[in-house]
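First up is the structure itself, then whatever we jot down about it.
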Amino acid sequence: MGYQHIQIPTDGEKITVNSDFSLNVPSNPIIPFIEGDGIGVDITPVMIKVIDAAVAKAYGGSKKISWMEVYCGEKAAETYDGDWFPAETLDAIKEYSVSIKGPLTTPVGGGFRSLNVALRQELDLYVCQRPVRWFEGVPSPVKEPGKVDMCIFRENSEDIYAGIEWRAGTDEAKKVIDFMRNEMGVTKIRFPEDCGIGVKPVSKEGTKRLVIKAIQYAIDQDKDSVTLVHKGNIMKFTEGAFCDWGYEVAKEEFRAQPLDGGPWQVIKNPNTGKDIVIKDVIADAMLQQILLRPAEYDVIATLNLNGDYLSDALAAQVGGIGIAPGANLSDDIAIFEATHGTAPKYAGQDKVNPGSLILSAEMMLRHLGWNDAADLVVKGMEGAISEKTVTYDFERLMDGAKLMSCSQFGDAMIAKM
Ligand SMILES: NC(=O)C1=CN([C@@H]2O[C@H](COP(=O)(O)OP(=O)(O)OC[C@H]3O[C@@H](n4cnc5c(N)ncnc54)[C@H](OP(=O)(O)O)[C@@H]3O)[C@@H](O)[C@H]2O)C=CC1
Ligand SMILES: O=C(O)CCC(=O)C(=O)O
Ligand SMILES: [Mg+2]
C-alpha cells in the first residue's frame with residue numbers, strides 16, 4: 001500500500017498474522033511507531049535506542065527492528081494540514097499488525113475526543129493489558145511493594161469511556177432528558193434543566209471476550225486467581241452484569257465450578273492441574289484491597305473506567321506511572337503504549353522517566369517471541385535502578401541516587417544489559 005507521508009523502510013518486512021492469530025515475525029520486522037505529544041519527543045527516541053540495543057545484543061545482528069514513523073496527534077496535525085487522526089495511520093497500524101505509541105493529548109471538557117480512545121475503538125482493541133510489578137530498589141509509598149504483582153485486563157471498547165455524552169443545555173441533552181422523563185418514567189434526574197448526560201454501554205459480548213482473555217492469561221502464566229472488579233451493587237445492569245457475565249463465561253468456556261457454593265468459582269489449570277479462583281470485588285473496596293492485601297490479587301478483569309483508575313493507583317504502589325507499561329490488543333492487532341500521558345510541563349526537557357514506554361516495548365518484544373531481547377531490557381532496567389542511576393521521579397525519593405536525564409537513563413540501561 002502506498003502512503004502519503006509515511007515512509008516505508010526499504011530494509012524491513014511486514015509481520016503477518018495466521019488464521020489462528022499467531023504471528024509470522026520476520027527477522028527484520030517493520031514496526032510503526034507514533035512519537036506522541038508532550039514528552040513523546042523525549043521518551044520515544046530513548047525507547048527506540050534501548051530496544052535496538054537489546055535486540056542487537058540478544059541476536060548479534062541477525063534480527064533488527066525497522067522502525068516506521070506514523071502520525072497521530074499534534075505531529076499529525078502539522079504533517080497532514082490540520083488532520084489529527086489521519087486515515088493512513090490507521091491503515092498502517094492494521095497493515096503492520098504490531099505497533100507502539102507515545103502518549104497523545106486530550107483536552108479536558110471540550111475540543112476533540114481522545115485520540116487514544118479513538119485508536120482503541122476504531123481498531124477494536126478490546127483488551128487493555130497493564131501488568132504491574134515492582135523492581136527491586138524502586139522507591140514506593142508502601143511498606144512491601146514486592147507484594148504487588150498483578151495484571152490488569154481493562155475492557156477497552158465500552159463503558160462510560162466510549163464517550164457517548166451530550167453537553168448540558170444542548171438540544172441533544174434536552175432531547176435525551178425529555179425522552180427519559182417522558183417515555184421511560186425516569187424521575188431521578190436531580191437538575192434536568194442544566195444537566196449533561198452520558199451513556200454507559202456494557203454488553204455481554206464485550207464482557208465475555210475480555211474475561212476470556214484474562215482467564216486465559218491466568219492459565220498461561222500459572223496465576224492463582226482472576227478478580228472481576230465492578231461497582232455492581234450500584235450500577236446493576238452494567239457493572240453488575242459485567243460480574244455476572246464474567247462468572248458465566250468462566251463456566252461456559254473454562255468449566256468453572258462454584259467454590260463453597262458460589263458465587264466465586266474455581267477452574268483447574270489444564271497445564272498445571274492447579275486451581276484458579278475466579279472471584280469478584282466491588283471497585284471501591286478493591287482500591288483498599290490493593291493497598292492492604294495486594295498479595296491476594298493476580299489477574300484483574302474490569303470495566304474501562306475502573307481499569308483506568310486502578311492502573312494509575314496500582315502503578316503508584318510500585319514507583320508511579322513513569323514505569324507502568326501497557327498494551328492495547330485485539331485478536332490480530334496490538335498497539336503497545338505507556339500508561340501515563342503527555343506530562344506537558346516536562347515536554348522537551350529530556351527529563352522524564354522513559355521506563356513506561358520502554359517496558360511497553362518489552363511487552364512488545366515478548367509478543368513477537370523475542371524473549372531474549374525482552375529479558376535484556378528487564379536486566380537493563382534492574383541494573384540501572386540497582387545502581388541508583390535514575391530519573392527525577394525516583395531520584396527525589398531515593399537516598400544517594402544519581403539524577404539522570406531521560407536519555408542518560410536509557411544509556412544507563414544499555415550499559416547494564
Ligand atoms: N494513553 C495516553 O496517551 C494518555 C494520555 N493522557 C493525556 O495526557 C495529558 C496529560 O495528562 P495528565 O493527567 O497530566 O497525566 P500525565 O500522565 O501526563 O502526568 C501526570 C503526572 O504523572 C507523572 N508522570 C507522567 N509521566 C511520567 C514519566 N514518564 N516519568 C515520570 N513521571 C511521569 C508526573 O508527575 P509529577 O508532576 O509528580 O512529576 C506528571 O505530572 C492529557 O491530555 C491526558 O488526556 C493521559 C493518560 C494516558
Ligand atoms: O486518552 C486519554 O487522554 C487518557 C487515557 C488514559 O488515561 C488511559 O488510557 O489510561
Ligand atoms: Mg489513564
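These numbers come from a predicted model, not from an experiment. Only this structure's heavy atoms are used, side chains among them; waters, hydrogens and symmetry mates stay out. Counting convention: from 1, in listed order, for ligands and their atoms alike.
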Can you report which non-hydrogen protein atom sits closest to [atom], along with the distance?
atom: atom 33 (C) of ligand 1; result: Y392 OH, 3.9 Å
atom: atom 7 (C) of ligand 1; result: L104 O, 3.6 Å
atom: atom 24 (N) of ligand 1; result: I321 CG1, 4.1 Å
atom: atom 38 (O) of ligand 1; result: R396 NH2, 3.0 Å
atom: atom 45 (O) of ligand 1; result: T106 CB, 3.4 Å
atom: atom 36 (P) of ligand 1; result: Y346 OH, 3.6 Å
atom: atom 8 (O) of ligand 1; result: T342 N, 3.0 Å
atom: atom 14 (O) of ligand 1; result: P344 CD, 4.6 Å

- line: So the atoms of ligand 1 within less than 4.0 Å of a heavy atom of N353 turn out to be 28 (C), 29 (N), 30 (N), 31 (C)
- request: State the atoms of ligand 1, each with its element, that fall below the 4.0 Å cut-off from a heavy-atom position in T105.
  value: 43 (O)
task: Please confirm whether T339 comes under 4.0 Å of ligand 1, counting heavy atoms of the residue only.
output: yes
Of the listed options ([options]), which comes nearest to [atom] when hydrogens are ignored and any heavy atom counts?
atom: atom 27 (C) of ligand 1; options: G326, G322, S311, G319; value: G322
atom: atom 37 (O) of ligand 1; options: K351, K345, H340, E337; value: K345
atom: atom 17 (O) of ligand 1; options: S356, G341, A343; value: G341

message: Heavy-atom pairs closer than 4.0 Å: do any link ligand 2 to the side chain of H340, the backbone, both, or neither?
response: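 Neither; no heavy atom under 4.0 Å.
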- prompt: Which bit of R120 gets closer than 4.0 Å to ligand 2, counting heavy atoms only: side chain, backbone, both or neither?
  reply: side chain
Mark yes or no for whether [X], through its side chain, and [Y], through its backbone, hold a donor-acceptor pair below 3.5 Å.
X: Q121; Y: A118; answer: no
X: D37; Y: G73; answer: no
X: N18; Y: D20; answer: no

query: Does the protein put a heavy atom under 4.0 Å from atom 29 (N) of ligand 1?
result: yes
Which atoms of ligand 2 sit under 4.0 Å from any heavy atom of [X]?
X: N116; answer: 1 (O), 2 (C), 3 (O)
X: R154; answer: 8 (C), 9 (O), 10 (O)
X: D308; answer: 6 (C), 7 (O), 8 (C), 10 (O)
X: S114; answer: 1 (O), 2 (C), 3 (O)

query: Looking only at heavy atoms, is any part of N116 under 4.0 Å from ligand 1, and if so is it the side chain, the backbone, or both, or is it neither?
result: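 Within the 4.0 Å criterion, N116 contacts ligand 1 through side-chain atoms alone.
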Structural part of I43 in contact with ligand 1, heavy atom criterion under 4.0 angstrom: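 It is neither; nothing of I43 touches ligand 1.
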Residue pair [X] / [Y], side-chain heavy-atom distance below 4.5 Å:
X: E239; Y: N306; answer: yes
X: D222; Y: N271; answer: no
X: V50; Y: I414; answer: yes

task: Classify the angle between the aromatic ring planes of H5 and Y80 as parallel (below 30°), tilted (30 to 60°) or perpendicular (above 60°).
output: perpendicular
Geometric class of the Y3/Y96 ring pair [parallel <30°, tilted 30-60°, perpendicular >60°]: tilted
query: Does the gap between the ring centers of Y392 and Y346 come in under 6.0 Å?
result: yes
message: Please report whether ligand 2 has a polar contact with T106, defined as an N or O pair separated by less than 3.5 Å (distance criterion only).
response: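 In this structure, T106 places an N or O atom under 3.5 Å from an N or O of ligand 2.
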- prompt: the Mg ion (ligand 3) is nearest to which N, O or S atom of D308?
  reply: OD1
task: Report yes or no: does Y161 have a heavy atom closer than 4.0 Å to ligand 2?
output: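 For ligand 2, residue contact (heavy atoms, under 4.0 Å) with Y161 is present.
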- prompt: Is R113 near ligand 2, meaning one of its heavy atoms is under 4.0 Å from it?
  reply: no
message: For the CE atom of M381 and the CZ atom of F409, what is their distance to the nearest 0.5 Å?
response: 4.5 Å
- prompt: Hey, mind stepping through E248 and K251 against salt bridge (charged side-chain N to carboxylate O under 4.0 Å, His left out) and telling me if it holds?
  reply: CA-CA 5 Å; E248 200 173 287; K251 287 181 219 159; over 6 Å; no
task: Dump the intermediate steps for ring pair (Phe, Tyr, Trp, His ring centres under 6.0 Å) on W370 and Y59, then the final yes or no.
output: CA-CA 9 Å; W370 291 14; Y59 308 113; 5.7 Å; yes
message: Could you report the tightest heavy-atom contact between H340 and P103, atom names first, then the distance?
response: O-CB, 3.7 Å
